[in-house]
Trainee: 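What follows is a single structure, and I will ask about it in a moment.
Hydrogens, waters and symmetry mates play no part in the numbers below; they use all other heavy atoms, side chains included. Treat the numbers as computed from the prediction; the structure is a model and nothing was measured. Just so we're on the same page: letters track the sequence lines, and every chain starts at 1.
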Amino acid sequence: MTTHSDVNPSHGATLPSDPKAHHETFPWKHILGFVLSLVLTFAALGLVLSAALPLTAVIVSIVVLAVLQLLVQLLLFMHLTERHGPATHVLTLVFGFFVAFTIVAGSAWIMFTFHATVA
Amino acid sequence: MAYQLDAHHAPVDSSVPLEYATEDGSLKILGFWIFLAADVVLFSCLFATYIVLQHNTYGGPTAQQLFDVPGFVTETLLLLTSSFTCGLAIFEMHRNRLQPMIGWWIVTILLGMGFVGMEISEFAKYVGEGANITRSAFLSAFFILVGTHGTHVTIGIFWMLGLLVQLLRYGITAITARKAFVASLYWHFLDAVWIFIFTVVYLTGKVS
Amino acid sequence: MLPHYFNHLFVTGTDIYIADVLIILTSLGIVGVLTYFKKWKWLWREWLTTVDHKKIGIMYIIAATAMFFRGGMDGLMMRTQLAVPNNHFLGAEHYDQVFTTHGTIMILFMAMPYLIGLINVAMPLQIGARDVAFPYLNAISFWTFFFGAMLFNLSFVIGGSPDAGWTSYAPLAGPTFDPGPGENYYLFGLNLAGIGTLASGINFLVTIIKMRAPGMKLMDMPMFTWSTLITSILIIFAFPVLTVALSLLTFDRLFGSHIFSMTHGGMPMMWVNLFWIWGHPEVYIVILPAFGILSEVISTFSGKKLFGYSAMVGSMVAIAFLSFTVWVHHFFTMGAGPAVNSFFGVSTMLIAIPTGVKVFNWIFTMYRGKIRFTTAMLWALAFIPTFVVGGMTGVMLAVAPADYQYHNSYFLIAHFHYTLIGGTVFGVFAGLYYWWPKMFGFKLNERLGRWNFWTFIISFNVTFLPMFLLGLMGMTRRMYTYPPGLGWSHLNMIETVGAFGQAIGMMFLAVNIVWSIKYGERDVTGDAWDGRALEWSTTSPAPEYNFAHVPVVYGRDAFWDMKYGKNREKYQVKAKPYRPIHMPNNSGRPFLMSLAFFISFWGFVFKWYLVGGLGLAAVFVFMYLRSFEYDTDHYISVEEIEHTEAAAGRL
Amino acid sequence: MSRMLSPKKRRGLAFAALSASVLLLSGCGSQIAVLHPEGPVARQEYNLIIWSFILMAFVGLAVFILFAYMLIKYRARPGVEKYYDPNLEGNRKLEVVWTVIPLLIVIALAIPTVKTTYALTQPPVQAHDPMEIDVTSAAWKWIFQYPGQHIETVNYLVIPTGVPVKFILTSVGPMNTFWIPELGGMEFTMPGANLGLWLEASKSGVYLGRGANFSGKGFAHMQFNVYAKPQAEFNQWVAQVKAQDPPLTMAQANQLVNHHGLSPILTFSSYPAGAVPQNQNTLMSGM
């Protein structure tokens, strides 16, 4: 996080900008993102319909593909990396993913093992 | 509304994208990112519930029997495309071109409506087959997870319609740009959530 | 069309009639006074429509105080019933309602709003800001909390209170075992208040990240502001979980889904799981701000810098992280297998380490200080040993196999009252006495304060210390009665005496407030306690705009530095001329929108879907109106600033 | 720091206070059930309770003594100025000390915790063949079925001493927990799930059991006696039940489950196969 107060632009250039991003005349990033998202979607669908891999491998692969798609949305569409001041939103989002992972993995772990209390 | 400033007018900083140009704009965009992070957690709870209950069909239809591949693939394509067109609208906004921006904005809304329409007919079909929310824990979790996403999308459509009116009325200003940008964040986010529904609910349902 | 329980819409029973009469009389009294003194317009303009963080904070504190008395009455009723074995003061059903409302109100409608109120009052002032980042949203937060609390309380007279415990475990709280509207009140009341809480979390986080006075680095912030930052993060990631849990149970109750039901493949344990994923961070949401208050108060009244500032920050961050990984310790006995229990047991014990670090740092903040025993300091000091007892028994509870013997027993009840009263409530009282002059411009009386303190703290221990023993004797929570001959009777009687002692202690607080309004020492300097952070650098109470000039900060303990520190010269720059100050407009919409929420959710409680739907539609209309509103702010003119500052003797 | 009590003195003081409080707690009459374990499970839990109490008391005393010392020594009084140092803001060494010592204490507590957690999933004494009892909580009564003996009791329990008993717990109503403090800690009863709990009574006697998780109106009355008898007497009791008591009919079984109310003590010489909720806990198929 920045060590300067970023409340007042007139106090100094605390809002860095990326002028390049705003002079593009053709939406290359968006088209790349769209193509990638289609490719990833159909790859996942193909994996499931072809039934070529064992069950666990299929599930792991399609979850990985979904995570890649999430990155496509965040990086190519949502301007996640554009920084105007400290990257608080990135930190918050990362912590959100940590909590989300804890909830999903933790719940599955707890709920699927709770019959096994006695040997 | 830059409450911090002793300036006479809220300054407009031309070195950053228009949506960040006012202090208020950058506060609200940060606030909305944080809201999205909270929404990640909200959906993760619904996903956790679905994952825990997905096999508890209680003699009712299973995911494998219920889901229809062409249907959910079409829904996915509609939403993916709308996310793309929404990105294009913001791209045009950054180039300060109102007409194309509004054009892509309207396309996005229409694609969103198509998605919601398909989802409603999908739900209606299931209910018609007796696979309603009261049939089993699996179906309860399914309808609530997918329905929550659908509700988010519906709210997004009304939101974007409201902004459409404001864009037509005021054009691209620091305020409308910020509002449109925030709505676009929401829309892309819902697309990302759908990808996980596509993967965890529909694809996994077909595979196991 | 009318639901079957329409017939018993109004709850019957002697005490309920008394409550009805009291509520009607109080309401008539308030209406009468307002009308007689022609204060309606004042109430609307100055309070109901305000977006000023200080006024919103005060409204939170007033509401929380009212809820404290309501929850306290519940506590007294419980203790009266349990004073002797086989008592018939309350029946089982009535007792069940009373402990349910006691727990829910104390956690969600007393502890949280007290702390959020104090945060609202002090945090923006501490960082030298003019308001929070989203003042309009702040008003929505308050009013949704307020109407959520009102909805929950309405159950007492219309429809019947919830009676499945504040934890509301399914399937007991499901439609089969609890068909009446009481449980719906719980679900909708909490969900409404939860909306406001989430918004507060986002609001405070953005405020702290983006609106600190120029020069104030994150590691320069007062510890209370740090605790607010961490708490906000916990709120943001914990409250969505509560929203989901409540909504899922609502679906089960209203629309016949089977998430938590006993049949059709539902899993009641999933409720327990989700509830505590929220519930454990919630515990830290109500304790971390109290930690922050404690740091401020101990440092101020020891006349010293906080000992181990970085460690204090680091330990809060560690606690926040760990708080999301310990939730199973609330249900070790639910048989999730030894691996799960071991993991969550050890992760729980780890929390003791950062907590211990904080305790030692507080103690060493007093080392080589000059300790002034004001009432605020007394509450803060009492916090330490009391919270240590709570914390140590917490570690004992984390020992999973031992927890099999403590779970749901009075040992657990004693433990969490030591943390929540010894921690949160003592912290809140310390904060109230400390920031009172900043809020109202006069101090509370110290002598009455000491009476308040000593009566309460002695009675508190008389009430809760015996509970540890009762738990080990096998007494479980939520028993409305018990037979004689188990050795429980004397201890229960002692506890009841203690409970009434606490009530007397609270009466001293009420008397103190009334007395001090009339005779309390005015704070004309703005610096009532020789304070350290920026809130003491402006007038008491602070003007609408907080600071005529936004302060520039050169390090920690900015105001202390300004008065005595090495940067004294830097702070004494010549005052620039005033410039107009940009402020948000007041708005009645947050109030009206929350009222629409209230009406809508009240409709849903009784499954009157038309009322529910229309209310929700009204909420959306208000949102749309806001979206189309462009005239949202105004400027305070230089003349007005000069006038205000002159009146405060600051020109 | 050197002005405070010497380490030796401090340790002595801590030990004295500690032993006093342990004596106070354990010598306080047999009514403190948790501190009077009558079986191997309860005993293991008791040992952990005492060990954690000792560790915590050590920490607690250190805190209380330091706290009192600071309050007395540095209170605002004439002469305090000579110590006063408003700019003191930390001490790395001390901070390391009060991070590392708690960490060691946590380790000292975590190891036996994990060990015991795993140990309690095994039958406590392997010498005897274990027996099984199916426990069902209903609104608001306890139903005990003995699959080995094929008899059923309501609201009381008879077990042989010295024999590990595997309780299979479920519920046909709200959740509850099954708790016999003198024999060991509690475990949940939940509809739709079978949880297991090992307990054993070392000697004969009557122990009090109760439901410990709130389950509605009749919750406070969900108390039951556990009669622990030597194996021979237990067998005799079973034979007597078989000879004297009526069999449970399906209609009666349904009545017990569906009627929400209290129940007197009941005994049945047999029960129908359909009356075992433990056999029906499957979530996937609807039957």
Side-chain angles (χ1 to χ4, degrees), chain C residues 92-93 96 165 169 171-172 177 262 265 267-269 303-305 307-309 311 333-335 338 341-342 345-346 349-350 352-353 356-357 359-360 363 366-372 384-385 388 392 395-396 399-402 404-405 407-409 469 472-474 476 478-481 486-487, chain D residues 29 31-35 44-45 48-49 52-53 56 59-60 63-64 66-67 70 74-76 80 83-90 95 98-99 102-103 106 109-110 113-114 116-118 120-121 174-175 177 181 185-188 190-192 195 208 210 212-217 219-220 283:
Chain C
E93 279 167 318
D96 298 347
Y169 279 11
L172 179 64
F177 289 96
M262 294 164 52
M267 290 176 95
M269 187 177 168
K304 275 196 61 226
K305 286 185 172 163
F307 199 88
Y309 179 96
T333 59
M334 217 166 259
N341 278 4
S342 299
V346 174
M349 290 175 197
L350 287 177
I353 297 168
V357 167
V359 169
F360 285 110
I363 291 177
M366 297 186 284
Y367 174 63
R368 302 188 67 176
K370 263 190 298 194
I371 304 172
R372 288 177 285 157
I384 292 176
V388 164
M392 290 187 315
V395 175
M396 291 171 73
V399 178
Y404 276 51
Q405 289 280 31
H407 186 224
N408 276 338
S409 76
L469 215 51
L472 299 177
M473 293 171 116
T476 69
R478 297 170 177 175
M479 295 180 77
Y480 82 97
T481 191
L486 297 170
Chain D
Q31 281 170 318
I32 308 176
V34 170
L35 302 183
Q44 289 180 64
E45 289 161 352
L48 269 177
I49 290 171
S52 64
F53 180 77
M56 287 304 112
V59 179
V63 171
F64 281 29
L66 268 175
F67 177 69
M70 298 291 177
Y74 299 110
R75 69 186 191 277
V80 78
Y83 307 114
Y84 185 50
D85 181 4
N87 292 318
L88 184 75
E89 54 184 350
E95 291 181 52
W98 61 59
T99 313
L103 182 67
V106 165
L109 195 52
T113 297
V114 173
T116 312
T117 302
Y118 277 88
L120 291 184
T121 63
M175 288 183 184
T177 59
M186 70 187 76
E187 182 109 345
F188 267 90
M190 251 186 289
L195 301 184
L208 198 59
R210 71 173 64 252
N213 189 69
F214 178 62
S215 63
K217 207 167 80 173
F219 163 69
L283 300 161

Trainee: Quick check: does any side chain N or O of N408(C) sit under 3.5 Å from a backbone N or O of A212(D), one acting as donor and the other as acceptor?
Mentor: yes

Trainee: Can you find a heavy atom in the side chain of I384(C) that is under 4.5 Å from one in the side chain of F64(D)?
Mentor: no

Trainee: Is the shortest side-chain heavy-atom distance between Q44(D) and P401(C) below 4.5 Å?
Mentor: no

Trainee: I'd like to verify something: which residue of R368(C), K304(C), E93(C) has the highest number of heavy-atom pairs under 4.5 Å with chain D?
Mentor: R368(C)

Trainee: For residues F219(D) and T476(C), determine if any side-chain heavy atom of one lies less than 4.5 Å from a side-chain heavy atom of the other.
Mentor: yes

Trainee: Between chain D and each of G303(C), A311(C), A400(C), count heavy-atom pairs under 4.5 Å; write down the option with the most.
Mentor: G303(C)

Trainee: Among A402(C), S342(C), G487(C), single out the residue with the greatest number of heavy-atom pairs under 4.5 Å to chain D.
Mentor: S342(C)

Trainee: Side chains of M190(D) and Y169(C), heavy atoms from C-beta outward: is any pair under 4.5 Å?
Mentor: no

Trainee: When heavy-atom pairs shorter than 4.5 Å are enumerated against chain D, which of D96(C), N341(C), V388(C) gives the highest number?
Mentor: D96(C)

Trainee: Counting only non-hydrogen atoms closer than 4.5 Å, does V399(C) touch chain D with its backbone (N, CA, C, O), its side chain (CB onward), both, or neither?
Mentor: both

Trainee: A side-chain contact here means heavy atoms from C-beta on lying under 4.5 Å apart; do Y74(D) and M366(C) qualify?
Mentor: no

Trainee: Do side-chain atoms of Y367(C) reach the backbone of L88(D) as a donor and acceptor pair under 3.5 angstrom?
Mentor: no

Trainee: Given side chains that start at C-beta, do those of F307(C) and E95(D) come closer than 4.5 Å, heavy atoms only?
Mentor: yes

Trainee: Examine whether an atom of F177(C) lies under 4.5 Å from a heavy atom of chain D, and if so say whether it belongs to the side chain, the backbone or both; otherwise answer neither.
Mentor: side chain

Trainee: Tell me, side chain or backbone of T116(D) under 4.5 Å from chain C's heavy atoms, or both, or neither?
Mentor: both

Trainee: Is any side-chain heavy atom of T113(D) closer than 4.5 Å to one of M349(C)?
Mentor: yes

Trainee: Would you say K217(D) has more than 12 foreign heavy atoms packed within less than 6.0 Å of its NZ?
Mentor: no

Trainee: Side chain from CB out, backbone as N, CA, C, O: work out which of these in F214(D) comes under 4.5 Å of a heavy atom of chain C, or both, or neither.
Mentor: both

